[in-house]
Every structure is written in C-alpha cells, then in structure tokens.
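Here is how names work: the chains are called A, B, and so on, in the same order as the sequence lines, proteins then strands, and each is numbered from 1.
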There are 2 protein chains.
Amino acid sequence: MRIGQLSAMTGVSRRALRYYEEQGLLVTRRSANGYREYAEDALLVVRQITALLDSGLNSDAIRRFLPCARGPQPEFEMCDELRAHLQRRRDELSNQLHRLSEQVGRLAAHLE
Amino acid sequence: MRIGQLSAMTGVSRRALRYYEEQGLLVTRRSANGYREYAEDALLVVRQITALLDSGLNSDAIRRFLPCARGPQPEFEMCDELRAHLQRRRDELSNQLHRLSEQVGRLAAHLE
DNA sequence: GTAAAGGCTCACGTCGGTGTCAAGGTCAAG
DNA sequence: CTTGACCTTGACACCGACGTGAGCCTTTAC
C-alpha cells in the first residue's frame, strides 16, 4: 500500500504520515522507485497513533508506548515506566478537567 | 504595585504579565516614568488567568471570558455564548480523558 | 506522446505562551 | 558619580504537529 491509499483509508494526511515516520512511529519499506510501501498493519498502527494523539500524548510518549502496546514484549520494565507515565498523564488531564468544570460551575453560578 | 512585586506574589514571570496585558487580559495604569502600576485586584485577575490557562483555554477565550466572570455585566448573551464555549471545551477535555483512560486500561490489561 | 495524478525531499510558515537578549531609562544607596 | 536593582520596548527563539509550496521524478490514463 502506498501513502495516498493509506491516507485515504485513515483520513490522515500524507504529510502527517510522513511526519509519523520521521518521528519513528511508523515504519515503511521503500520500493525501487523510492516510494513508501506500507504493510497491512500500518492501518491499525495509524489508528493507534491518532487515538493517542487525540488523547493528549505527544509523539515522544507514543514512540515509547507503541512497541509496548502492540504485542508481547521482552521489556517489561519499560512498560511499567510507560504505564506510570500514562497514569500521570491521565491524572494531569483529570486535573485540568476538574479545574475547568469548576470554572464553568463558578461562571454558571455567577450568571444567575 | 509594580510588575516585579506582582510577579513575586503570583509566581508568574514578568514576561508573562506583559504578555497578558498585550493580549488584553490585564489592564494597567502607568506612572509618570512609564512603569506599570497594578491595582489591588490584579492579584486575583492573574490567578484567574493562570487557572484558566491551566484548564486548557487560550488567551482569546480568556479575553472574552474574564469580563464576564468578574462582575455583573450588561451583556448576557455574550455570556451565554461563552458558557457554551466553556462547556464545549470541558466536553473536549472529558473526551480526551476518556480516551486516555481507555488506552491506559487496554495497556494495563495487555500487560498481564 | 502527453497530461494528470501521485510520489519524493527540502524547508519555511503557523499558533500560543514564554524565555531571553539587546539597548536603554529610572531611582535609591554607597 | 557609580553601581545595581528594577523598569521599558522590541524582536528573535522555542516546541509540536502538522500545512504548504517549490522543484523534480514516476506512474497511470487517454
């Protein structure tokens, strides 16, 4: 599969796909003419990447997270570290959410 | 109160305070020598600003939100709009949080 | 054979909140 | 008078996830 097709199937722009590769999130082969050739599972990987980005993780965190999420790994300690990282991130977002809803509540109360 | 003192009291950098002013979030008088002179309530306003920034709002939203939150206003329709904006933002963060905790859950399950 | 469509690699632009440096004005203490 | 602390404006630097365009090559379709 080439980049245009993958882009069409995932809704992710060609530029973004190249960026994911540049960041080490997405691996490709190259065919003889230099075109990127994506494997079958690229579809799934891209969906994972966008899901994680949408969840507020940056590409650095995703780079360390993806190999951990995709299959049984030899490195379990790294996974513990990542799990902790994700939980911290979740807590951060949770706090943000809390503060924001407090603000909204105060505003709403104030408007009466 | 001058900028250094306000910075020390709030923990917000001088640069950031000037930026808030530049963005129309924070009003100052100037004394004869050109120095910024902050009123008493600036302390409160700065805390509101940082709270909102931490909550994930940008300065544009805050600019429209602050005059609405500070006291009784003539413009109630603007406030409705802002309330909707804030609720949308809250929902966005809520969704992010949801997705992230799902990811964390999947990862945790995967690690067993 | 030719044009359109798609691919490639630079490489700069964007937004938002700050850091940081430059070049200078003001003011109190020694 | 000088030093040092504090203030001013202006402007460039940064990160992150891309958008966008230039300039060029390859494949596909007619």
Side-chain angles (χ1 to χ4, degrees), chain A residues 1-39 42 45-66 85 89 92-93 96 99-100 103, chain B residues 1-39 42 45-66 85-86 89 92-93 96 99-100:
Chain A
M1 185 175 8
R2 291 186 312 189
I3 197 169
Q5 191 181 351
L6 184 59
S7 171
M9 293 178 71
T10 57
V12 175
S13 74
R14 287 179 277 265
R15 176 66 178 94
L17 292 175
R18 295 192 190 103
Y19 177 73
Y20 297 161
E21 178 178 350
E22 189 183 320
Q23 295 301 305
L25 309 182
L26 196 51
V27 185
T28 66
R29 297 181 288 120
R30 296 302 181 109
S31 40
N33 50 18
Y35 287 9
R36 287 170 179 82
E37 191 62 32
Y38 293 92
V45 176
V46 170
R47 290 204 184 114
Q48 287 193 324
I49 293 171
T50 55
L52 291 171
L53 284 174
D54 287 350
S55 300
L57 277 76
N58 62 16
S59 62
D60 185 65
I62 299 178
R63 175 174 35 252
R64 293 178 300 174
F65 169 72
L66 265 187
H85 175 85
R89 182 64 190 147
E92 282 172 28
L93 283 181
Q96 279 187 21
R99 281 195 294 259
L100 181 54
Q103 296 280 347
Chain B
M1 186 174 8
R2 291 187 310 192
I3 197 170
Q5 191 181 352
L6 184 58
S7 172
M9 296 179 69
T10 56
V12 174
S13 73
R14 286 181 276 264
R15 177 68 178 90
L17 291 174
R18 295 194 191 103
Y19 177 74
Y20 297 161
E21 178 178 350
E22 190 184 319
Q23 296 299 305
L25 309 182
L26 196 51
V27 184
T28 67
R29 298 181 288 118
R30 296 301 180 109
S31 40
N33 51 15
Y35 288 8
R36 288 169 178 82
E37 192 61 35
Y38 293 93
V45 177
V46 170
R47 291 203 183 115
Q48 288 194 325
I49 293 172
T50 55
L52 291 172
L53 284 174
D54 287 351
S55 300
L57 277 76
N58 63 16
S59 62
D60 185 66
I62 298 177
R63 174 172 37 252
R64 295 179 298 175
F65 169 71
L66 265 186
H85 176 84
L86 289 176
R89 181 64 189 148
E92 281 172 29
L93 282 182
Q96 278 185 22
R99 281 195 295 260
L100 181 54

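Side-chain N or O atoms of B:S13 include one that pairs as donor or acceptor with a backbone N or O of B:A16 at under 3.5 Å. Judged by distance alone, the side chain of B:S7 and the main-chain N or O of B:I3 form no donor-acceptor pair under 3.5 Å. With hydrogens and angles ignored, the 3.5 Å screen pairs a side-chain donor or acceptor of A:T10 with a backbone N or O of A:V12.
In terms of the side-chain hydrogen bond (donor to acceptor under 3.5 Å, both in side chains) criterion, B:R99 has no residue partners (sequence neighbours excluded). With sequence neighbours excluded, the residues forming a side-chain contact (heavy atoms from CB on, under 4.5 Å) with B:M9 are B:M1, B:Q5, B:L43, listed by chain and number. In this view, A:L53 and A:Y20, A:I49, A:I62 satisfy the side-chain contact (heavy atoms from CB on, under 4.5 Å) rule, not counting sequence neighbours.
Close approach of DNA chain D to chain B, defined as any atom under 4.0 Å from a non-hydrogen atom of the protein, starts and stops at D:dC6 to D:dA11. Nucleotides of DNA chain C lying under 4.0 Å from heavy atoms of chain B occupy a range whose first and last members, 5' to 3', are C:dG16 to C:dC27.
Among pairs with a residue in residues 5-22 of chain B, those fulfilling salt bridge (charged side-chain N to carboxylate O under 4.0 Å, His left out) read B:E21-B:R30, B:E21-B:R36, at least two apart in sequence or across chains. Contacts classified as salt bridge (charged side-chain N to carboxylate O under 4.0 Å, His left out) and involving residues 51-60 of chain A (residues at least two apart or in different chains) are given here: A:D60-A:R63, A:D60-A:R64.
Using a 4.0 Å heavy-atom cutoff across all strands shown, A:R18 reaches at least one base atom of the nucleic acid.
Nearest-nucleotide assignment on DNA chain C puts the 5′-proximal partner with A:Y38, out of B:R15 and A:Y38.
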